[in-house]
Structure formats: structure tokens, C-alpha cells
Amino acid sequence: MFLVAVFVLLYRQITNLTLSKSLLLKIIHTLEGNLAYFLAAIALLFLNYFFEILKWNLLTKQVQARTFRQSTIDVLKGLRVGLFTPLMLGDFLGRSVGFQKKNRTEVMALNFFNSVCQTYVTLLFGSVAILFWWIISEDRLHNLLIVPVLIFILVSILGFLFVFRLKISWQFLERINFIKPYLQTSVLGLNINNKFRIGILALSIARTLVYNVQFWLFYVSLGIHLPILVLFIGVNLILLVKTVGGGLNIFGDLTLREFISINFFGLYHVEGSLILIATFVVWLFNIFLPVLIGFFIKPKE
């Protein structure tokens with residue numbers, strides 16, 4: 001229902017925007033002059049996924065020897081299977097099928113830990129973004145942001161404790177038939193020390209930083225110039241809302257991104273049509289393209 005409501009509101013906003021031929025020509029002309037920024041943003045996509053594959057390689061080596069190439073195949077499989085499942089749940093199954101059956105339960109637990117780390121980093125950056133927004137905002141908005149600032153700071157502290165003292169119960173997943181064969185009824189504790197957890201968390205932070213730089217490069221290449229702080233706040237609000245709100249699939253992800261970007265950056269007098277196109281370009285290269293690659297490219301084991 002949340003996504004439906006957001007989609008309806010976004011649709012109403014889009015109908016009031018004008019995607020004229022002159023605007024598209026202006027964007028193309030701007031892009032030609034800023035092509036280096038655009039290509040740099042695309043290049044960072046590979047660095048982004050390098051960090052993700054490296055995380056997966058380090059995690060899975062805890063239970064089964066794995067080459068970097070095999071880890072790349074696992075991540076691509078996860079993207080491919082996750083495309084057809086709600087909330088990308090198929091990513092857990094897709095990444096685990098290449099492992100020995102006896103190890104799949106622990107591999108899925110490690111994948112869950114990986115997701116928890118990335119989610120925590122998103123919450124942390126989102127909390128900092130809201131804090132900065134509160135600092136630079138004025139009057140009514142300043143007062144409205146006090147409660148979210150306090151809530152997300154508290155969540156960040158609790159999340160830190162959760163990441164470093166993680167116990168996972170898989171019993172609630174036994175109701176899902178295709179996952180059940182891979183699960184045990186007992187509570188699974190991850191046998192990894194805090195030093196190793198810090199390393200995984202650091203790689204998750206690196207991915208988020210890369211994404212922030214990518215977003216800035218894409219926006220600059222398309223002619224959107226905003227203060228770095230405002231862009232940082234906007235990017236991490238987008239990540240925060242789509243994480244908390246949840247997207248049923250990659251298209252639900254796009255809906256949330258467009259809604260937040262149009263409404264937030266619109267406060268800073270950026271043309272709505274330009275925001276719509278720029279945010280779509282970011283989604284196309286950063287989210288849809290990797291999923292497409294994972295779907296069509298099936299490297300041999």
C-alpha cells in the first residue's frame with residue numbers, strides 16, 4: 001500500500017512536468033561538455049560491485065574455499081534470481097546454490113549478515129544526512145526534523161550493537177517452501193570475530209561512499225549543480241527511504257527514488273523534469289544495468 005500511494009503521488013507530480021524536446025537537447029548538449037564526469041560515474045559502477053564481490057568472497061571463505069571468479073558468479077546469480085522475487089529475496093538462494101549442500105545454511109546466514117551491514121551503513125549515513133538537514137534548515141522544517149534526528153541517531157546506536165552481536169533465527173523462514181530445505185531449525189550463531197565484522201562494515205561504507213560520488217558525477221554531467229552538502233543529504237535520504245520503505249522490485253526502487261529526489265531537490269529550486277531524468281539515469285546505470293548483466297550473462301563455473 002505504501003508503494004502504491006507513493007506511485008500515485010509521483011504520477012500526479014510527473015503529469016505536471018514537461019519533458020520537452022528543447023530540454024532533452026539541452027541535456028544532450030550539457031552531457032557532451034561533461035562526458036568525462038559521466039564516464040567516471042559509469043566506471044565507478046565496477047568499483048562499487050568490486051567491493052560487493054570482495055565482501056562476498058571474504059565472507060564465504062569462512063565456510064568453503066572460493067575464488068574471486070566464483071564469488072563474481074555467485075553475485076551475478078543472486079541478481080538474476082532476485083529479479084523475480086519480492087524484496088530481492090531470491091538473492092539469498094541465487095548466491096547459495098553454488099555451494100555444497102551442507103554449507104548452504106551458513107552461507108545464507110552470512111549473506112544475511114552482509115545485508116545487515118549494508119542496511120546499517122545506509123541507516124547511519126541517512127541519520128547523518130537528516131542531522132545535517134536539520135542543521136541547515138530553517139523555521140518550521142527545522143522543528144519538524146528534531147524527532148527524526150533523535151530516532152535515527154538512536155537506531156544507529158542500536159544497529160551498531162546488533163551488527164557486532166548478531167544471532168540469527170531462521171525458524172520464521174521455514175514457511176517458505178523453496179528455502180526450507182536449506183535451513184535448520186536451530187538458532188544459527190555466526191562464528192566470526194569483531195575484527196572481521198569491522199572489515200565487512202568498512203567495505204559496506206566504501207560502497208556507500210562510491211555511490212555518493214557516482215550520484216554527484218551523474219548529476220553534474222547532466223547539468224545539475226548543487227552544494228555538496230545538499231547533494232549528500234538528498235542522496236542518503238533516497239537510500240534511507242528506499243531501505244526503510246522497501247521496494248518490491250527494481251521498479252519499486254525507481255518509484256521511491258524519483259519521489260524523494262523530485263520533492264527534496266525541488267526544495268532547492270532544481271527543475272523537476274531535469275531531476276526526473278537525472279534520477280532515472282542514476283537508477284538505470286546503478287541498479288537496472290547490473291541486474292540486466294546478472295540476467296543475461298551466465299559465466300561457466
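When a residue number appears, it is its place in the shown sequence, counting from 1. All values reported here derive from a predicted model rather than from experimental measurement.
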Please determine, by modelled atom types, if D74 and W56 share a side-chain donor-acceptor pair under 3.5 angstrom. yes

Cationic tip of R207 within the cone over F50's six-membered ring, i.e. under 6.0 Å and within 45° of the normal? no

Any luck finding a side-chain donor-acceptor pair between N57 and S71 under 3.5 Å? yes

Should the ring pair F125 and F232 be called parallel, tilted or perpendicular, given that the plane angle runs from 0 to 90° and is split at 30 and 60? tilted

Between T208 and Q118, do the side chains contain an N or O donor and an N or O acceptor separated by less than 3.5 Å? yes

With rounding to the nearest 0.5 angstrom, report the CD1 to CD distance, I238 to E258. 8.5 Å

Minimum heavy-atom separation for I200 and L59, please, with both atom names. CD1-CG, 3.9 Å

Here the gap from Q64 atom CD to Q70 atom CD, rounded to the nearest 0.5 Å, amounts to 8.0 Å

I'd like to know if E52 and R95 make a salt bridge, using a cut-off of under 4.0 Å between side-chain N and carboxylate O. yes

Answer yes or no on whether R197 is positioned over the face of F113, meaning its NZ or CZ is under 6.0 Å from the six-membered ring centre and within 45° of the axis. yes

Go through it in stages, so that I can follow the logic: the residues are W133 and F264, the test is side chain to side chain contact (heavy atoms under 4.5 Å, CB included), and I'd like the CA-CA distance, side-chain angles, deciding distance and then a yes or no. CA-CA 11 Å; W133 195 16; F264 176 79; 3.6 Å; yes

Over 60° means perpendicular and under 30° means parallel, so classify the ring planes of F265 and Y219, tilted if in between. tilted

Between S204 and Y120, is there a side-chain donor-acceptor contact under 3.5 Å, judged purely by atom types and distance? no

